[in-house]
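Have a look at the structure below before the remarks.
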Protein chains: 2
Amino acid sequence: MSESHPTRPSMSDLANSLGLGVATVSRALSGATGVSEKTRQRVRQAADDLGYVVSPEASRLAGGLTRRIAVVTPHLSRWFFSEMLDGIEAELRQAGYDVLLYHVPDGASRHQFFRDLPARRKVDAVVAVAFPIDDDEARRLELLGVHIVAAGGQTASYPFVCIDDGTASRQAVDHLLLLGHRRIAMIEAFDPDSPQWHVRVGRSQGYYAALEEAGIPIDEKMVLSVPWSGEAGAEAMAKLLSLPRPPTAVFAHSDEVALGAIRTLRRAGLRIPQDMSVVGIDDHPLAALTDLTTIHQSVREQGAQAGRMVLDLLAQRSTATAVTTPTHLIPRGSTARPRETPSAPGHTGQM
Amino acid sequence: MSESHPTRPSMSDLANSLGLGVATVSRALSGATGVSEKTRQRVRQAADDLGYVVSPEASRLAGGLTRRIAVVTPHLSRWFFSEMLDGIEAELRQAGYDVLLYHVPDGASRHQFFRDLPARRKVDAVVAVAFPIDDDEARRLELLGVHIVAAGGQTASYPFVCIDDGTASRQAVDHLLLLGHRRIAMIEAFDPDSPQWHVRVGRSQGYYAALEEAGIPIDEKMVLSVPWSGEAGAEAMAKLLSLPRPPTAVFAHSDEVALGAIRTLRRAGLRIPQDMSVVGIDDHPLAALTDLTTIHQSVREQGAQAGRMVLDLLAQRSTATAVTTPTHLIPRGSTARPRETPSAPGHTGQM
DNA sequence: CTCCGGATCGGAAACGCTTCCTAAAATACT
DNA sequence: AGTATTTTAGGAAGCGTTTCCGATCCGGAG
């Protein structure tokens, strides 16, 4: 007999070959109650032997789940996002779910996504990677029984997993403080495509808190807010350098931004860390290569966590509604004690 | 009436509201023939008004397509792959298809993918990003009516889109030649996870061809073959430097590898490009930042092309079975004339 | 020994669509 | 005008599950 005809066996084929009814087989396979354990085993065995798998379409049509989960992300090629995607995908696929990928670079496409998805029930749940969902949108999905989990960004209304931004930035700033820095600048980063998701509030707060606790007055000129990119970081650094009294250290909201800042410093002929200390957040692969001191966060792990949360939700299992993964300082060569503790203020000063 | 009940209208609802039969509505919506244009418009209009969309499950179950396409990739967070994914996703989603993402980092998971996918007909087509598919696997999919397209890597048996590796590397090596280099090393890169997908043969051939044409004898010690990573590039460079007569220029198969090589050079205190010219392939974002001369390829565009090819295939439209996108030299600061043109041949040279 | 409740199992009705086939209508040709 | 075609529309049969509900079969209580 030629093995070539790809005719998938159907559930009734399976049922017949076992002398059972399809109803029983369905129950056996789906783990539902109402089948004796012996029968269930027999069915499972036979299914394996025949290489039978339920048709997801038919299953869904008849009221089951799709076993598909959407991952929605505003960026595809940025380290943080692809790393997160990696973690999520691995966890989900291992559990037998398929991952639908939706790239929503801008508000328009995001909007469209949330408009279209509910109509056609394509997925059982959605994981939103580091971007905000309107409470309204969330509610509509919830209503349809579509679960939501946020990965890499905190939101009020549904389960999320992310780092504690406040702690992370405190770790960064405290490190600088411990080294003896007093004039510490901050380059805040925000995603220009998600205007509603402001500056990482937590990260800024950590900075303010750390300085305050150290008894250092805040100098607003030391705080710059820029789009999330190396380019912007470079420009911000230039501004900081042209300050009457530039900082001795810079805390950037992200490694990408920090790296940009470093480029400006190099171009300006300043040495790192002798003339200026720089610290970022993320532990981006480039940080290791460029010897950048940073705060490590395990993005993969966050993704995996988010995956697990979705799985819990779908299994009706209870799950944590908020997970924060730990961060820690990775001291490298971009930070050091300040050159000299400036003790003569009031020398320079007008623009 | 409360608008809140998420009860999707069905096709027969639509049909009734129009006084038509479901068969007609189905034909109208699917673009099939056998409906007058007037009716089709009427149906489309009504569908829009009701916010009706066909149930993908039911449609698929009844013999239609899934309107889902799998993208299979061995890497998620590498620039080339995520860029490609971006291009593919954009093109496909715009055409109304959903993208299933499958990360197959190693042979095992790749194998599993091809074992599982055919069973449950989850997708209409698959796009393989830069990795080889067994002819056997390909045939099985083909048999099931699942189309295949390869993005970023050439293969014999099915449509593909990629750059012309030979041309790209000739552009790189010719540039070096033109600058006057004669001792040009090559660092070949291969993906250790895809052993069967050897060294990018084309890129190596371009090198050999260029040298041969320039009348330069091949020195096998000048050719190193390493895994595709910066780390490996760095080590390879170290080996090249410890050669009795090191090269004056290095051609790396990729920017990542080139960047690794540059790190070694810096560490060794050599200046670029004065002491050593380096050229890569890809035009990775880092290349611009680090002023690396390279060969540009538009990965996004390749992804988009691959997407279009899939669409053509699915629409029964004829499509090119092989597309190569152009590449070109981006001269930057990592290449220059060799320090001195060695003019005393026959001095070194046994072996 | 009979009756009853719970555990198992099978029948059959959806689920929402596509498509084959036939009927009716519209158009063409003599 | 009448008949032969071609269009256009509708009926109905699946597609492969899940699930409600009724039928069986079991052991144990009365």
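Protein atom CG of Leu14(B) is 12 Å distant from nucleotide atom C1' of dG16(C), rounded to whole Å. Per the geometry, CG belonging to Leu61(B) stands 12 Å off P belonging to dT19(C), to the nearest Å. Rounded to whole angstrom, the span from the CG atom of Leu65(A) across to the C1' atom of dC15(C) amounts to 15 Å. Nucleotide dT19(C) holds its P atom 11 Å from the CE atom of Met11(B), rounded to whole Å. What separates CG of Leu29(A) from C1' of dG16(D) is a distance of 13 Å, to the nearest Å. What separates CG of Leu20(B) from C1' of dA9(D) is a distance of 8 Å, to the nearest Å. dG16(D) atom C1' lies 11 Å from atom CZ of Arg60(B), rounded to whole Å. The nearest whole Å value for the distance from the CG atom in Asp13(A) to the P atom in dC15(D) is 11 Å.
OP1 or OP2 of dC9(C) has at least one side-chain nitrogen or oxygen of Ser36(A) nearer than 4.0 Å. Within the 4.0 Å cut-off from OP1 or OP2 of dG16(D), not a single side-chain nitrogen or oxygen of Ser12(A) is found.
Looking at the side chain of Ser26(B), the nearest of the listed nucleotides dG14(D), dT19(C), dA9(D) is dT19(C). Side-chain proximity of Ala62(B) to dG16(C), dG11(C), dT17(D): nearest is dG16(C). Proximity note for Ser10(A) (side chain, C-beta onward) versus dC17(C), dA12(D), dT17(D): the nearest is dT17(D).
Mapping Val25(A) and Gly63(B) onto DNA chain C via the closest heavy atom, the residue that lands nearer the 5' end is Val25(A). Along DNA chain D, the nucleotide nearest Ala58(A) and the nucleotide nearest Glu37(B) are compared for position; the residue whose nucleotide lies closer to the 5' end is Glu37(B).
Heavy atoms of Ser55(B) sit under 4.0 angstrom from primed sugar atoms or phosphate atoms, though from no base atom. Within the 4.0 angstrom heavy-atom criterion, only backbone atoms of the sugar-phosphate kind lie near Ser59(B); the bases stay farther away. Base contact: Arg27(A) has a heavy atom under 4.0 Å from a base atom.
Looking only at distances, no side-chain donor or acceptor of Thr73(A) sits under 3.5 Å from a matching main-chain atom of Leu76(A).
The closest side-chain donor-acceptor pair between Asp124(B) and Thr66(B) falls under 3.5 angstrom. For the 3.5 Å distance criterion, the side chains of His75(A) and Asp191(A) qualify, holding a donor opposite an acceptor. Inspection of the Asp98(B) and Tyr102(A) side chains reveals an N or O donor paired with an N or O acceptor under 3.5 Å. Counted by atom type alone, Gln41(A) and Glu37(A) present one or more donor-acceptor pairs between their side chains at under 3.5 Å.
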